[in-house]
Amino acid sequence: MRDYQDFPPLEIVGAHGARLVLSDGREVLDAISSWWCKSLGHGHAGVRARIEQQLACFEHVIAANTTNAHLVDLCERLLRMANGAPPSDWGPHAVAGGPSGSSGHFGKVFLADNGSTAVEVALKMALQAQAQRGQVNRTGFAALSGGYHGETVGALSVGDLGLYADPYRSLMFPVTKLGPIPYRSGPDDPLWQDAGREWIAIEATLAPIAGTLAAIVYEPVLQAAGGMRLYSPDLLRRLRRFADRHDIYLIADEIAAGMGRLGTMLASPPDALPDFAVLSKGLTAGFLPLSAVLTTNDIYVQFDGDWSSHRAFLHSNTHTGNALAVAAGLGALDAYVSEGIMEHVATQGPRLCAALGKVARRLSTLTRPRGVGMVAAVDLCAPGGAPLDPAARTGMRVFRAALERGALLRPLGDTLYLFPPLNTPAQDLDAMVGILADSVTAVLGGDAVYTDIAQT
Ligand code: PMP
C-alpha cells in the first residue's frame, strides 16, 4: 500500500478507444485493455447504444422464474459461436430462435456475474454432475501448474500462484498440479503443436488419481496472470483424450484467452473442446460484469429431475443474467462480426508479435519474446539473459517510465506484455511497442532501438 504514497493512482476523466484521458489532460494508451477485458476499447458506440436501449426498458429483473428475449438470444448466439458456427449465425443478423446450440458440442449456458464466480460454478457443476451420474468418489480436481483462475477460495485452490493464494492456504482445498509445462513462443515455435515430451510426466501424475478426479482445470493455451506464458494446444488434445478415457470432465477457463484474444472466439482447439467453457471479460467488451459457463446437454441432463430428487444446480447470484450486462454482451457479439474484429486480429496480431520480437532481439535486457493473436509478451532480464532480482522491481520502474511516455503497460513482475483492445489501430499498436522499448532502455540502458521497427 505504501507504493501509493509516491505513486498515486491516475485520475481518469474519460476513455475512448485505446485511450484513457487523465485529469491533467494527458492521454495514455491502455495497452492492457483494463485488465484484459476492454476487447473493443473504451466507449464503443454500438455496445453503449445497446445498453441505453435496454436501460429504457428495464435494468435488472430477477433471472429465476423470469426470462426475456435478449437473455435467450445471447445464450443461443454464444452457443453457436462456441460450437464453431459461421459468424452469420451469431452476429448481428443471427435469426432469433435460429439454429440453436443443441446440434453442436455445447448445449446450455449458465450466467453468473464475474470470472471467479463462474469458475466456482464450473467446479461445483462438475462435482455435482459426477455425483449425480453415480461417480460419487470423483471429488478431486487437477489443474495445470502456473495457472490462475480468480480470487475466490475455490478459484485460488485450482490456481497455482502463491502470490495471490499464500495467505489463504488454510481455507483452500488440495488440487493436484500438473507440470512442468515447457512454454512455447507462439505458432512459429517448432514444438507449437507437439506436447509429447511434457505429456509423459503429466500423464504419470494423472494416471494413479484418474478414478478420483471430477475435472481437470486449465487456461487454454495462454496462462495470463502466471506471466503471459503460452503452451502447446496439443496438450489440450492429450488432456481431452485422457479425460474421455477416464470419465473426467475438462474445465477450460477462457476468461482471458477467449472472446478472440488468441485469434479465435474460443482459445480451446475445436478438436479439444472442454465440458465447461468459462467466459467473462470480453463477453461484454468489458462494459459490465457478466460471465457464462457453457456446458453440454449430457451434463445438463444430470441436473434434470423432479423437485423431490434435489438434482437441480442451486447457485443463485443476485445479478445472474443482469439485463444491462446481457445487452452489452449482445452489442459485443454484433461488433465482433460487423466490424471484422477477428480479421483485424488476424492481420495486426502477428504484426504486433513480430514488432515486439524485433525489439527483444535488439535489446539484451529483454528475453523470451512470445505471442499469439493479439497478445505479445517479453521478460526483462540482466544483459546476457540472467533473471533480474525481483526486489529491484524493474518491471514497476518500466511501468512508471511507460506512463511518462503515454502508455499504461502494468507488467506482471518482470514480464512486460501488450494486451491491447482487439480493434486497436496499427499506429496505436506501433506506439505501444515503441513506448515499451523506450521505457526499457530508459530504465536499463542500451541504445534506443525502436526507430522504424514496427514498420520494417
Ligand atoms: N480466470 C482468468 C484466466 C483470469 O484472467 C481472471 C481475471 N484476471 C479470472 C479468472 C477472474 O475473473 P474476475 O476478475 O472477473 O473474477
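Numbering of residues begins at 1 and proceeds along the displayed sequence. All ligand and atom numbering here is 1-based and tracks the order in the structure. Bear in mind that the values here come from a model prediction, so they are computed numbers and not experimental data.
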Tell me yes or no: between the side chains of E339 and H44, is some donor less than 3.5 Å from an acceptor?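 On atom types as modelled, these side chains qualify, holding a pair under 3.5 Å.
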Is the centre of the F7 ring less than 6.0 Å from the centre of the F399 ring?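 Centroid distance F7-F399: below 6.0 Å, so yes.
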Residue that, paired with R237, satisfies salt bridge (Lys or Arg N to Asp or Glu O under 4.0 Å) out of D194, D244, D271: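 Running salt bridge (Lys or Arg N to Asp or Glu O under 4.0 Å) over D194, D244, D271 with R237 returns exactly one hit, D271.
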From the options Y218, W36, Y164, select the one residue that forms a ring-ring contact (aromatic ring centres under 6.0 Å, His included) with Y148.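 Of Y218, W36, Y164, ring-ring contact (aromatic ring centres under 6.0 Å, His included) with Y148 is met by Y164 alone.
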Aromatic rings H315 and F313: how do their planes relate, parallel, tilted or perpendicular, breaks at 30° and 60°?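 Ring orientation of H315 relative to F313: parallel.
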Pairs satisfying side-chain hydrogen bond (donor to acceptor under 3.5 Å, both in side chains), at least one member in residues 367-377, at least two apart: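 Qualifying pairs, neighbours excluded: R368-D379, R370-D379.
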Distance under 4.0 Å, heavy atoms only, partner ligand 1: which residues pass?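 The answer is W36, N114, G115, S116, Y148, H149, G150, E219, D253, I255, A256, K281, counting any residue whose heavy atom sits under 4.0 Å from ligand 1.
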